[in-house]
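Notes to accompany the following structure.
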Amino acid sequence: MAPCRVGELLSSRGRLCRLTFGLILALGQAALAERSAAADFSGGVVRIGIINDQAGPLSDLAGPGSVVAARMAVDDFQRATPGLKAEIVVADHQNKPDIGAQIVRKWFDVDGVDMVADVGNSAVALAIQSIARDKNRIVIYSAVGTTDIGGKQCSRTGLMWLHDNYNLVAGSVRKLVSQGYDSWFFIASDYAFGRNMVEVSQRVLAAAGAKSLGAVFHPLGNADYGSFLLQAQASKAKVVAFANAGEQLVTSMKQWNEFGMNAGPQKAVAELMFLTDVHAMGAETAKGLTTVTAWYWALNEETRAFAQRFYKLHNAMPTAPQAAVYSAVSQYLKAASAAGTDETNAVLEQMRAMPVDDFYARGARLRADNKLVHDFYLVEVKKPSDVKTPWDYYNVVEKIPAEDAFLPLSDSECPLLKTSRN
């Protein structure tokens with residue numbers, strides 16, 4: 001059939017031509033609308049950067065697994081919202097603040113990255129926080145412990161999705177002190193995370209009427225903890241608390257057992273322990289250790305369903321930081337879609353307005369200091385004979401309600417609160 005001419009809209013072929021013309025017009029309008037929508041997103045795409053330790057001592061707890069979780073979130077979002085294009089870029093900060101800052105600055109200035117997630121190192125997080133503040137870009141932190149990110153160094157664009165050191169220590173310290181464990185000694189990582197965790201723990205101990213008998217700090221990636229363990233033993237403290245994580249915690253706990261301290265009078269407490277740490281040290285070494293976690297893969301059917309999907313892609317069950325990355329990326333994409341733009345202020349407004357309601361947290365909201373407020377769990381590692389399912393290492397001792405898990409806003413040092421009060 002010959003192409004329709006404008007004049008033929010009134011001819012014998014008019015009805016068919018009008019249908020053809022209408023279809024072309026509709027398609028053109030749809031294409032125009034799509035181009036217009038894409039124009040509201042810089043570069044026509046939402047670009048998310050995942051930065052963390054990809055191969056070092058903190059890589060198991062987040063690392064490549066966080067990238068898997070972020071890509072799962074993007075895939076799930078795009079199935080539901082195919083019109084909005086999103087992509088993930090990845091970098092390894094090697095646990096060095098200068099490298100992390102350099103990468104993120106380039107991402108914001110050159111590569112069009114709209115949001116950064118994970119980070120997983122307190123010292124790197126503090127370096128990134130100031131850049132994101134200056135560039136007015138969003139960073140969503142998962143495994144970052146220092147309370148400064150949500151306290152003295154808090155920023156309008158820096159969101160805490162998983163935990164800080166107060167969440168991790170307050171509940172367990174109070175519970176153990178109430179059981180008579182009223183003297184503590186700390187073995188901690190010698191960088192922002194470890195020093196902050198010891199400081200927070202000592203404040204909570206003092207408030208509970210207990211005491212700290214000292215602390216020793218080891219370099220990140222240390223291999224020999226013998227001298228630190230002997231100092232802890234000599235202190236005669238009832239509790240030896242480990243304020244380290246990942247490979248550091250695994251090695252120090254193995255050496256704790258090798259020194260026979262597991263059979264001694266002192267109680268070991270892992271102030272920050274991840275599922276991958278337990279898996280690496282083995283249930284025999286880890287049995288009886290207690291820790292506080294924001295999320296556990298075997299909590300319910302919903303968490304188990306996500307974990308099984310994740311396992312097929314990563315060959316390990318997800319840690320709390322990896323689940324938090326999925327949730328954070330999902331929520332950011334939902335907010336950008338609702339805002340119709342990746343412009344920071346508009347997306348932040350949506351993120352504050354929309355509750356987080358997924359397998360990671362139900363009905364959780366960002367409060368004024370940009371912390372996502374959700375429940376936590378005090379867990380204890382099972383005896384090897386009680387581990388019936390691979391990776392199911394925890395007994396949940398108790399749930400710590402959100403209202404008890406977070407430092408009260410009245411005690412916060414976050415400058416955002418002073419601004420909102422004025």
Side-chain angles (χ1 to χ4, degrees), residues 38-56 58-79 81-121 124-144 155 157-159 161-162 310 313-314 318-319 321-337 339 341-344 346-348 351:
D40 292 329
F41 293 89
S42 52
V45 61
V46 177
R47 191 166 284 114
I48 295 168
I50 304 298
I51 185 168
N52 58 28
D53 176 0
Q54 284 283 301
L58 304 179
S59 58
D60 279 354
L61 63 93
S66 286
V67 179
V68 170
R71 287 181 172 146
M72 287 174 67
V74 168
D75 290 346
D76 289 349
F77 175 79
Q78 292 202 304
R79 273 193 289 271
T81 314
L84 179 56
K85 185 179 179 184
E87 65 182 36
I88 300 293
V89 296
V90 181
D92 185 349
H93 57 46
Q94 302 173 46
N95 296 304
K96 297 177 180 178
D98 56 336
I99 291 177
Q102 182 181 8
I103 290 167
V104 169
R105 190 181 299 277
K106 180 176 180 293
W107 274 356
F108 290 157
D109 288 346
V110 179
D111 299 331
V113 169
D114 300 297
M115 184 272 276
V116 169
D118 199 5
V119 185
N121 178 299
V124 178
L126 289 168
I128 290 174
Q129 180 86 324
S130 60
I131 295 170
R133 181 191 294 113
D134 293 344
K135 302 293 182 182
N136 194 35
R137 298 292 178 87
I138 295 171
V139 181
I140 307 180
Y141 302 100
S142 59
V144 170
S155 165
T157 60
L159 315 181
W161 217 257
L162 179 65
F310 181 92
L313 298 170
H314 191 58
T319 61
Q322 290 158 352
V325 166
Y326 177 98
S327 175
V329 170
S330 294
Q331 192 73 358
Y332 176 84
L333 290 170
K334 290 174 187 175
S337 179
T341 177
D342 55 8
E343 193 275 322
T344 294
V347 176
L348 277 174
M351 292 194 76

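Just the heavy atoms: all of them, side chains too, but no hydrogens, waters or symmetry mates, feed the values below.
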Identify the heavy atoms of V139 and A132 that sit nearest to each other, and give their distance. CG2-CB, 3.4 Å
Over all atoms of both residues, closest heavy-atom pair of L333 and A86: CD2-CB, 3.8 Å
Applying side chain to side chain contact (heavy atoms under 4.5 Å, CB included), can you list everything that pairs with Q102, at least two apart in sequence or on another chain? none
Pairwise distance CD1(I140) to CG(L162) - rounded to 0.5 angstrom: 12.5 Å
Heavy-atom pair with the smallest gap, counting every atom of S327 and W161: OG-NE1, 3.1 Å
Distance in Å, I103 CD1 paired with I51 CD1, rounded so as to fall on 0.5 Å steps: 4.0 Å
Using atom types as modelled and distance alone, determine if a side-chain donor or acceptor of N52 lies under 3.5 Å from a backbone N or O of G120. no
Are any side-chain N or O atoms of T157 and backbone N or O atoms of N136, one a donor and one an acceptor, separated by less than 3.5 Å? no
By side chain to side chain donor-acceptor pair (under 3.5 Å), R71 pairs with (sequence neighbours left out) none
Could you measure the distance from the CE atom of M351 to the CE atom of M115? Nearest 0.5 Å is fine. 6.5 Å
If you apply the rule side-chain contact (heavy atoms from CB on, under 4.5 Å), what do you find for D53 with N121, and how did you get there? CA-CA 8 Å; D53 176 0; N121 178 299; over 6 Å; no
Minimum heavy-atom separation for I88 to A70, with atom names? CD1-CB, 3.9 Å
Residue pairs meeting salt bridge (charged side-chain N to carboxylate O under 4.0 Å, His left out), one or both in residues 82-96, sequence neighbours left out, come to R47-E87
The side chain to side chain contact (heavy atoms under 4.5 Å, CB included) partners of S337 (sequence neighbours excluded) come to F77, T81, L84
Rounded to the nearest 0.5 Å, what's the gap from CG on L348 to CD on E343? Could you check? 8.5 Å
For Y326, all residues meeting side chain to side chain donor-acceptor pair (under 3.5 Å), sequence neighbours excluded: D76
Please find the pair of heavy atoms, one from A143 and one from L61, that lie closest to each other, and give the distance. CB-CD1, 3.9 Å
Counting only pairs under 3.5 Å, give me each side-chain donor-acceptor contact of residues 104-111, with atom names and distances, residues two or more places apart or in other chains.
from : atom 1 : to   : atom 2 : distance (Å)
K106 : NZ     : D111 : OD1    : 3.2
K106 : NZ     : D111 : OD2    : 3.0
D109 : OD1    : K135 : NZ     : 3.0
D109 : OD2    : K135 : NZ     : 3.4

All side chain to side chain donor-acceptor pair (under 3.5 Å) counterparts of Q129, not counting sequence neighbours: Y141
By side chain to side chain contact (heavy atoms under 4.5 Å, CB included), D60 pairs with (sequence neighbours left out) T276
Looking at H314 and V68, what are the two nearest heavy atoms and their distance? ND1-CG2, 4.1 Å
Tell me every residue that passes side chain to side chain contact (heavy atoms under 4.5 Å, CB included) with A101, counting only those two or more places apart in sequence or in another chain. A127, I131
Would you check if S42 and D114 make a side-chain contact, meaning some heavy-atom pair closer than 4.5 Å? yes
Side chain to side chain donor-acceptor pair (under 3.5 Å) partners for S142, two or more places apart: D118
